[in-house]
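Everything quoted here is computed from the prediction, not taken from an experiment. In what follows, every heavy atom counts, from backbone to side chain, and hydrogens, waters and symmetry copies are set aside.
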Amino acid sequence: MPSVPLIHVSLIGLFAAAMGGATPVKAADEVPFVTTPDHVTLAMLRLARVGPKDMVLDLGSGDGRIVITAARRFGARGLGVEIDPSLVARSRDHARQAGVSARAEFREQDLFKTDLSQASVITMYLLPEVNLRLRPALLMLKPGTRIVSHDWDMGDWPPEQTVTLAVPDKKVGLEKTSRVHLWTVPAQVAGLWCSAAGALRLQQTYAAVRGHWQPRSGVPAEFGGRLAGAALNVDANAPDRLALQWRTGDRLQVRAATGSYVALRRAAFVRALAPTCP
């Protein structure tokens with residue numbers, strides 16, 4: 001691929017969106033571009049553990065650098081959505097020259113109208129306000145979907161990992177560093193779950209979970225835990241261990257139960273439709 005300016009993201013129209021619907025920017029040269037060095041691009045893809053089975057969706061794909069790198073270096077498929085037609089054309093040309101056109105697609109498209117559910121990895125370098133507007137849709141994606149953002153976070157949804165990289169020539173801000181944040185979409189498990197063994201009531205704040213276990217006979221228990229995608233691991237000291245797996249169809253399957261949770265071994269829960277379990 002020829003040497004090109006490392007323009008990652010076009011923010012055309014997004015400034016207007018973030019400001020509550022002001023008149024959209026009409027020309028590419030009116031919008032500031034943010035350059036992304038190669039080592040930051042690679043860090044984003046590595047942090048998301050991108051591999052050949054992944055579909056990478058880059059929101060605001062600029063010159064296509066992330067999607068092309070994902071295809072060429074990691075063997076993934078990728079889609080970049082970008083509102084500037086000249087950058088879309090440039091991205092397609094770069095993909096052809098890199099020999100990855102079959103795996104790297106680019107569309108002139110509003111990112112808010114993009115089907116996010118097709119992706120296993122979403123990358124973005126957007127305004128903080130835009131991240132927050134996207135957050136509800138991101139949280140509804142398939143559990144286990146990985147999201148990587150350059151510099152900007154998701155408000156009170158804490159990243160599970162942040163990597164800081166030196167960027168001596170960075171033109172934006174006073175710090176000569178970039179931060180790369182990773183989130184994994186958690187399953188939506190809040191509510192009452194019922195099984196033959198008893199009732200499990202869960203409260204959820206993003207990946208953090210608080211639970212109350214009420215067996216049909218025996219002593220109830222309170223616990224905390226964390227979701228890693230569809231896997232819920234309860235914070236417990238040995239020999240106590242409880243691990244559950246959310247499954248399509250609103251089911252929770254116990255994967256491991258030891259110590260005080262041994263009665264739950266092989267239990268399966270279904271989400272309750274009533275205030276109490278039958």
Side-chain angles (χ1 to χ4, degrees), residues 47-51 53-57 59 76 114-124 131-149 153-162 181-215 220-236 240-258 261 263-278:
L47 190 61
R49 306 179 306 281
V50 171
K53 295 182 179 179
D54 282 311
M55 170 63 180
V56 177
L57 174 56
L59 300 177
T114 298
D115 176 13
L116 306 180
S117 67
Q118 61 192 300
S120 58
V121 176
I122 292 177
T123 58
M124 52 195 197
N131 281 9
L132 292 179
R133 284 189 62 191
L134 284 168
R135 190 175 71 182
L138 294 171
L139 282 165
M140 295 307 295
L141 293 176
K142 180 181 178 181
T145 303
R146 289 98 74 199
I147 301 162
V148 183
S149 174
D153 60 23
M154 294 276 189
D156 63 357
W157 181 12
E160 61 193 68
Q161 191 173 351
T162 296
H181 306 289
L182 170 70
W183 297 262
T184 301
V185 174
Q188 300 299 312
V189 299
L192 178 64
W193 298 82
C194 304
S195 78
L200 184 64
R201 190 176 296 276
L202 301 177
Q203 297 176 317
Q204 178 177 0
T205 304
Y206 304 115
V209 175
R210 296 296 304 174
H212 176 82
W213 163 236
Q214 180 64 61
E222 305 281 341
F223 60 81
R226 290 195 65 80
L227 283 155
L232 172 58
N233 294 298
V234 170
D235 300 329
D240 296 337
R241 185 184 174 213
L242 178 60
L244 303 101
Q245 185 79 20
W246 176 89
R247 301 199 183 280
T248 303
D250 261 351
R251 301 180 68 84
L252 277 177
Q253 180 70 48
V254 175
R255 294 187 295 113
T258 61
Y261 297 110
L264 283 171
R265 188 174 294 170
R266 292 185 293 276
F269 293 84
V270 294
R271 192 188 293 273
L273 301 178
T276 60
C277 291

Could you report the tightest heavy-atom contact between [X] and [Y], atom names first, then the distance?
X: Arg271; Y: Gln188; answer: NH2-O, 2.6 Å
X: Ala268; Y: Ser195; answer: O-CB, 3.1 Å
X: Ala230; Y: Pro143; answer: N-CB, 3.9 Å
X: Ala256; Y: Arg241; answer: CB-NH1, 3.5 Å
X: Arg255; Y: Leu232; answer: NH2-O, 4.5 Å
X: Arg251; Y: Val270; answer: NH1-CG1, 3.2 Å

Roughly how far, to the nearest 0.5 Å, is [atom2] of [Y] from [atom1] of [X]?
X: Thr162; Y: Trp183; atom1: OG1; atom2: CH2; result: 7.0 Å
X: His212; Y: Gln203; atom1: NE2; atom2: CD; result: 11.0 Å
X: Glu222; Y: Gln214; atom1: CD; atom2: CD; result: 9.5 Å
X: Thr248; Y: Lys142; atom1: OG1; atom2: NZ; result: 7.0 Å
X: Ile147; Y: Leu57; atom1: CD1; atom2: CG; result: 10.5 Å
X: Thr123; Y: Leu59; atom1: OG1; atom2: CG; result: 7.0 Å

Does the side chain of [X] reach to within under 4.5 Å of the side chain of [Y], using non-hydrogen atoms?
X: Pro186; Y: Leu139; result: yes
X: Asp240; Y: Phe223; result: no
X: Leu227; Y: Trp246; result: no
X: Leu252; Y: Leu202; result: yes
X: Leu192; Y: Cys277; result: yes
X: Leu244; Y: Phe269; result: yes

- Option among Thr114, Leu141, Val56, Leu134 that satisfies the side-chain contact (heavy atoms from CB on, under 4.5 Å) test with Ile122: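 Going through Thr114, Leu141, Val56, Leu134 one by one, the side-chain contact (heavy atoms from CB on, under 4.5 Å) with Ile122 is satisfied by Leu141 alone.
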
[X] side chain vs [Y] backbone, donor-acceptor pair below 3.5 Å:
X: Thr184; Y: Gly144; value: no
X: Asn131; Y: Met154; value: no
X: Arg146; Y: Arg49; value: yes
X: Ser149; Y: His181; value: no

- Message: Parallel, tilted or perpendicular: which one describes the rings of Tyr206 and Trp157, with boundaries at 30° and 60°?
- Response: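 Parallel.
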
